[in-house]
Asker: 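Quick one: the structure is below, and I'll ask about it shortly.
So you know, we letter chains A, B, ... as the sequences are listed, proteins then strands, and number each from 1.
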Protein chains: 2
Amino acid sequence: MDRVFQRFAEQLTESTHRDAAQQSMAEVAAALKLSCFAYLALARRPGSAPNLISTYPPSWTAIYLQRGYESVDPVVRRAMRHPKPFRWGLGFEARSRSEAERALFEEAAKFGIRCGFTFPIHDDKGAIAALSFASDERRSAFERSLVEHAQSLRLIAAFFHAHAKRFWTIDRMVGGVMLSPREYQCLEWSACGKSAGEIGIILGIKERTAGYHLDNARAKLGVSSLRQAIVLLTESKSRK
Amino acid sequence: MDRVFQRFAEQLTESTHRDAAQQSMAEVAAALKLSCFAYLALARRPGSAPNLISTYPPSWTAIYLQRGYESVDPVVRRAMRHPKPFRWGLGFEARSRSEAERALFEEAAKFGIRCGFTFPIHDDKGAIAALSFASDERRSAFERSLVEHAQSLRLIAAFFHAHAKRFWTIDRMVGGVMLSPREYQCLEWSACGKSAGEIGIILGIKERTAGYHLDNARAKLGVSSLRQAIVLLTESKSRK
DNA sequence: TAAGCACCTGTGCAACTCCACAGGATGTGC
DNA sequence: GCACATCCTGTGGAGTTGCACAGGTGCTTA
């Protein structure tokens, strides 16, 4: 079992994409006979989409994200309220559950997500996430494993969250400055070695326009060369 | 306790220097009443110095490293043999201990390092390290904490190792490739926006020579433009 | 001794960057 | 309506990069 955790630590630390992180957690879940897992990081801004890394059935996760089900998920509600781990199942919080929440649970059940155990994550920066392990029915191996490894899984949840949040490269904040969508895009392509002419072809604009956006990016970042701008871009990417 | 581990995960993941990593572990040790800790990563090549991150008394660790005591440390010997955690104290492995090993233990005792608990780390890549918590005498709080948190501490050891080994990355390793001193230097200046002519003036070489080194750096890194090379340089710097 | 590596330097030239000038359109907030 | 931000496009020219050719020295290792 310790080789499993050792391997998880290595893989997660070295993961630079969400697929690798997902794989590292999937291996832990398999070794502990925990079926499937879902790590859900709630958006900072209400109404924005959360971020998910999961081995739940893709047909279910696609629907969940598309319909914004995190807003009517009683597991999420509970996880937001308190960082203490909890069990859930079909009768979970039945008395305080809305009709929409009940419908969500019934729909998830059709995809084999009927019961589970969730580790809420409230980090120092105010972000809230949850790591859940789910199953289609209560199995003694599943339960035994959770009890036996509860403390380790809490640590694993914390580390997974600390790494996973770096994958949400969303905003265009570079060197403390916000670039426009086009400026950011052109700078990214330049960092890939593309010339203004090539960027123009890629984005369907003139070479001159691509150059214009790169000029703007340099000016905003207060640097005199694209190379310096690219350093700032790369640094901001690795900080997230 | 979970806030302690949560905080540790955040701090360790975000640490870019050994001081930050040391601080993250020191806080865990303090919270668990585990006195001081020492993470020792053995060198791959026999005879080379190990790497140490520790809150042991600096007067002791300086002597330990200077005299190469890892080669006569029975704790290290045991940790190299098997990844199972173990306790040690003044009578540790007395029967198989050499005179030099006995002397080492007695010397450490003078610095207040008399007993402890060690988590050996054997990673997938063959590297061997050990995380130890030590004390000047056996205290019930120390023992109780170790028993209670043994499993978490094993995970913590694995994660600490996965992160700490990044600090020993040899200089001038960029994108998995080792650049020559001059190549690295010229690339660093280029990343600051300096042209080959300017680099030549700075380093007291001809513009042509600076360009030659930059050409070599690009070739070694397998990229076609300096911009791409600078991305790799910046990434490798932020990973250290 | 020969080979490999790192460092040094010269030439030429097409493509590209950086900086400067100029023009336009659209959408948003006050 | 006006100001601002973003996006779009044209011109010119000096300086620089990327790629190619060529030469050399000194040190280390098998």
Side-chain angles (χ1 to χ4, degrees), chain A residues 45 47-48 170-234 236, chain B residues 45-48 169-234 236:
Chain A
R45 197 188 265 169
S48 298
I170 302 167
D171 67 342
R172 307 181 306 273
M173 184 70 79
V174 174
V177 174
M178 181 66 73
L179 299 185
S180 77
R182 223 43 162 174
E183 287 160 4
Y184 193 84
Q185 201 172 19
C186 291
L187 191 56
E188 282 196 307
W189 280 115
S190 182
C192 291
K194 303 299 178 188
S195 65
E198 288 169 326
I199 294 167
I201 290 165
I202 290 165
L203 301 182
I205 54 177
K206 290 298 166 91
E207 170 181 342
R208 177 72 206 107
T209 308
Y212 163 79
H213 291 308
L214 292 172
D215 289 346
N216 278 352
R218 278 189 297 103
K220 279 187 179 180
L221 298 173
V223 295
S224 58
S225 71
L226 271 181
R227 278 165 287 138
Q228 290 167 293
I230 282 161
V231 168
L232 295 175
L233 176 72
T234 309
S236 72
Chain B
R45 200 188 261 166
S48 299
T169 306
I170 298 163
D171 281 349
R172 309 190 327 262
M173 181 71 79
V174 175
V177 173
M178 180 66 70
L179 299 185
S180 77
R182 229 31 167 180
E183 287 160 5
Y184 192 84
Q185 201 172 18
C186 291
L187 191 57
E188 282 198 305
W189 281 116
S190 183
C192 291
K194 305 299 179 186
S195 64
E198 289 169 323
I199 294 167
I201 290 165
I202 291 165
L203 301 181
I205 54 179
K206 290 296 165 97
E207 169 182 344
R208 177 74 207 104
T209 309
Y212 163 78
H213 291 308
L214 293 171
D215 289 346
N216 278 351
R218 277 189 298 103
K220 278 187 181 179
L221 297 172
V223 296
S224 57
S225 71
L226 273 181
R227 280 165 286 139
Q228 290 168 292
I230 282 160
V231 167
L232 294 175
L233 175 72
T234 309
S236 72

Asker: Nearest-Å distance, CD1 (B/Ile199) to P (D/dG18)?
Answerer: 11 Å
Asker: I need the minimum non-hydrogen distance between B/Ala191 and B/Leu233, along with the two atoms involved.
Answerer: CB-CD2, 4.1 Å
Asker: Whole angstroms only, please: what is the NZ-C1' distance between B/Lys194 and D/dT17?
Answerer: 17 Å
Asker: Of the non-hydrogen atoms in B/Ser225 and A/Gly193, which two are nearest, and what is the gap between them?
Answerer: OG-CA, 3.3 Å
Asker: Only pairs under 3.5 Å count here: list side-chain donor-acceptor contacts from residues 202-217 of chain A, not counting sequence neighbours, and write none if there are none.
Answerer:
unit_1: A/Tyr212; atom_1: OH; unit_2: A/Asn216; atom_2: ND2; d: 3.3
unit_1: A/Asp215; atom_1: OD1; unit_2: A/Arg218; atom_2: NH2; d: 2.7

Asker: What is the distance from CG of A/Leu214 to P of C/dC16, rounded to the nearest Å?
Answerer: 14 Å
Asker: Taking 4.0 Å as the cut-off, does a side-chain nitrogen or oxygen of B/Arg218 come that near to OP1 or OP2 on D/dC19?
Answerer: yes
Asker: In this structure, how many angstroms lie between the P atom of D/dG18 and the CD atom of A/Glu198, rounded?
Answerer: 12 Å
Asker: Give the nucleotide from the list D/dC19, C/dC19, C/dC18 with an atom nearest to the side chain of A/Ser225.
Answerer: C/dC18
Asker: Classify A/Leu226 by what it touches in the nucleic acid, base, sugar-phosphate, or nothing, heavy-atom distance under 4.0 Å.
Answerer: sugar-phosphate
Asker: Rounded to whole angstrom units, what separation is found between the CD1 atom of A/Ile201 and the C1' atom of C/dC16?
Answerer: 14 Å
Asker: Would a distance-only check, ignoring hydrogens and angles, find a side-chain to backbone donor-acceptor pair under 3.5 Å from B/Arg227 to A/Lys194?
Answerer: yes
Asker: Please report the C-alpha distance between B/Leu179 and B/Leu221 in whole Å, then the side-chain angles of each, then the deciding distance to 0.1 Å, and finally whether the side chain to side chain contact (heavy atoms under 4.5 Å, CB included) criterion is met.
Answerer: CA-CA 9 Å; B/Leu179 299 185; B/Leu221 297 172; 4.3 Å; yes
Asker: What does the B/S/- profile of nucleotides 2-10 of chain C look like, 5' to 3', with a 4.0 Å heavy-atom cutoff to protein?
Answerer: ----SBBBB
Asker: Think A/Arg227 has a side-chain N or O under 4.0 angstrom from the OP1 or OP2 of C/dT17?
Answerer: no
Asker: Grab the two heavy atoms, one from B/Ser236 and one from B/Val174, that are nearest each other, plus how far apart they are.
Answerer: OG-CG2, 3.9 Å
